[in-house]
Trainee: 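One structure, pasted below without further comment.
The basis for the numbers below is simple: all heavy atoms, side chains too, and nothing from hydrogens, waters or symmetry mates.
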Amino acid sequence: MRKLIRDELRTDPDAVVCLYLGRLNRDKGILDLASAFARVADKHPNAELWVVGPDEADYFKKMQILLGKATSRVKRVEFTPTPERFMQAADLFCLPSYREGFGSSVIEAAACGAPTLASRIYGLTDAVVEGKTGWMHKAGDAKDLAQQLDRLLAYPNELSAKGKAARKHVE
């Protein structure tokens, strides 16, 4: 499945894929993610950001402005009835949300073998075992998110190991 979806999106097999999957709106922290990715993209030429989900109010256009030249490394997919395909093909699931009732998408990503980088908020702190199944950043802090993302993109083997741990934790 990993190769199939990467082929569909014309993504290099060696790319390190960061995935955001969900509704595109301010409360999900997507503008922070765009800012963070823009800050680290030049340093990590093999990194890509996939943005998957319905756009409620032209937020992807706002993201593109923040991404600047890093926009060329972003793949956009509208709503999908098969989110697991993207989770299986990603190296890191990103959820920089400002509020969540429960991090079910984090659990789903973990079941697909993807570790998570999420904001440290109620709902997500229950779904991510920090340092074991993923990492956390301060909610609403694009600089902290960028620092975490920069560190993680530098060590893709760590992403793979944490993804395996995440899957085991969910099982």
Side-chain angles (χ1 to χ4, degrees), residues 1-26 28-97 104-118 133-135 137 142 145-167 170:
M1 183 60 65
R2 180 178 172 95
K3 182 180 179 340
L4 180 66
I5 193 73
R6 284 176 175 241
D7 286 350
E8 285 177 18
L9 293 178
R10 296 186 179 129
T11 294
D12 189 277
D14 296 326
V16 180
V17 174
C18 304
L19 169 68
Y20 170 83
L21 193 147
R23 294 177 293 115
L24 274 63
N25 71 29
R26 186 186 178 287
K28 293 294 185 179
I30 59 165
L31 299 180
D32 295 337
L33 182 57
S35 294
F37 190 78
R39 288 183 189 189
V40 303
D42 282 344
K43 194 172 174 184
H44 303 283
N46 65 332
E48 277 190 12
L49 175 61
W50 293 356
V51 179
V52 179
D55 191 346
E56 297 179 346
D58 289 329
Y59 270 93
F60 189 67
K61 288 179 184 174
K62 296 172 187 175
M63 289 180 74
Q64 288 175 307
I65 292 166
L66 294 169
L67 286 160
K69 65 180 181 176
T71 299
S72 66
R73 307 245 304 279
V74 177
K75 305 289 172 74
R76 174 76 178 107
V77 177
E78 296 291 332
F79 173 81
T80 177
T82 55
E84 68 280 1
R85 295 176 66 230
F86 296 93
M87 291 175 173
Q88 291 170 355
D91 297 293
L92 178 66
F93 183 67
C94 299
L95 187 56
S97 187
S104 57
S105 60
V106 171
I107 302 300
E108 293 166 349
C112 294
T116 297
L117 174 58
T133 67
W135 304 267
H137 63 89
L145 176 55
Q147 288 172 339
Q148 291 277 7
L149 196 54
D150 182 38
R151 185 180 60 78
L152 296 172
L153 291 172
Y155 299 100
N157 291 338
E158 185 176 350
L159 296 176
S160 177
K162 296 297 189 222
K164 290 175 185 170
R167 169 128 179 144
V170 168

Trainee: Hey, does Lys62 have a side-chain heavy atom less than 4.5 Å from the side chain of Ile30?
Mentor: no
Trainee: Looking at Glu78 and Arg76, is any side-chain nitrogen of the basic one under 4.0 Å from a carboxylate oxygen of the acidic one?
Mentor: yes
Trainee: For the pair Trp135 and Leu159, evaluate side chain to side chain contact (heavy atoms under 4.5 Å, CB included) and give the outcome as yes or no after the intermediate values.
Mentor: CA-CA 10 Å; Trp135 304 267; Leu159 296 176; 3.8 Å; yes
Trainee: To check you understand the geometry: which heavy-atom pair defines the closest contact between Ala166 and Ala114, and what is its length?
Mentor: CB-O, 4.2 Å
Trainee: Do you know which two heavy atoms are closest between Ala70 and Ala41, and how far apart they sit?
Mentor: CB-CB, 3.8 Å
Trainee: Donor-acceptor pair, distance only, cut-off 3.5 Å: does the side chain of Ser160 make one with the backbone of Asn157?
Mentor: no
Trainee: Spell out, as yes or no, whether a donor-acceptor pair under 3.5 Å connects the side chain of Arg73 to the backbone of Ala47.
Mentor: yes
Trainee: Check this for me: does any side-chain nitrogen of one of Arg6 and Asp14 sit under 4.0 Å from a carboxylate oxygen of the other?
Mentor: no
Trainee: Salt bridge or not between Arg39 and Asp150? Use side-chain N to carboxylate O under 4.0 Å.
Mentor: no
Trainee: Tell me every residue that passes side-chain hydrogen bond (donor to acceptor under 3.5 Å, both in side chains) with Arg151, counting only those two or more places apart in sequence or in another chain.
Mentor: Gln148
Trainee: What I'd like to find out is whether the side chain of Ser105 reaches to under 4.5 Å of the side chain of Leu95, using heavy atoms alone.
Mentor: yes
Trainee: Can any side-chain N or O of Lys75 pair as donor or acceptor with the backbone N or O of Arg10 at less than 3.5 Å?
Mentor: yes
Trainee: Is there side-chain contact between Tyr59 and Lys28, with at least one heavy-atom pair below 4.5 Å?
Mentor: no
Trainee: Out of curiosity, Arg26 CZ to Ser97 OG, how far, rounded to the nearest 0.5 Å?
Mentor: 11.0 Å
Trainee: Which heavy atom of Met87 sits nearest a heavy atom of Glu108, and at what distance?
Mentor: SD-C, 3.7 Å
Trainee: Measure across Pro115 and Gly163 and return the closest heavy-atom pair with its distance rounded to 0.1 Å.
Mentor: CD-CA, 3.5 Å
Trainee: What's the separation between atom CG in Leu19 and atom CG in Leu92, rounded to the nearest 0.5 Å?
Mentor: 8.5 Å
Trainee: Roughly how far, to the nearest 0.5 Å, is CG of Leu66 from CG of Asp32?
Mentor: 9.0 Å
Trainee: Do Arg167 side-chain atoms and Ala111 backbone N/O form a donor-acceptor pair below 3.5 Å?
Mentor: yes
Trainee: Let me confirm one number: the CG-CG distance from Asn46 to Asp91, rounded to the nearest 0.5 Å.
Mentor: 9.0 Å
Trainee: Could you measure the distance from the CE atom of Met63 to the OH atom of Tyr20? Nearest 0.5 Å is fine.
Mentor: 8.5 Å
Trainee: Would you say that Val77 contacts Leu9 through its side chain, given a criterion of any heavy-atom pair below 4.5 Å between the two side chains?
Mentor: yes
Trainee: Are Leu21 and Glu84 close enough that some pair of their side-chain heavy atoms sits under 4.5 Å apart?
Mentor: no
Trainee: Decide yes or no for Val51 and Phe37: does some side-chain heavy atom of the first lie under 4.5 Å from some side-chain heavy atom of the second?
Mentor: no
Trainee: Checking salt bridge (Lys or Arg N to Asp or Glu O under 4.0 Å) for the pair Asp55/Lys61: CA distance, chi angles, key distance, verdict?
Mentor: CA-CA 10 Å; Asp55 191 346; Lys61 288 179 184 174; over 6 Å; no
Trainee: Side chains of Leu49 and Leu33: does their closest heavy-atom pair fall under 4.5 Å?
Mentor: yes
Trainee: Check Leu152, Leu145, Leu149 against Val40 for a side-chain contact (heavy atoms from CB on, under 4.5 Å) and give me the one that passes.
Mentor: Leu149
Trainee: Using a 4.5 Å cut-off on heavy atoms from C-beta on, say whether the side chain of Phe86 contacts that of Cys112.
Mentor: no
Trainee: Just how far is it from atom NZ of Lys162 to atom CG of Leu117, taken to the nearest 0.5 Å?
Mentor: 13.5 Å
Trainee: At their closest point, which heavy atom of Pro156 faces which heavy atom of Leu153, and how far apart are they?
Mentor: CD-O, 3.6 Å
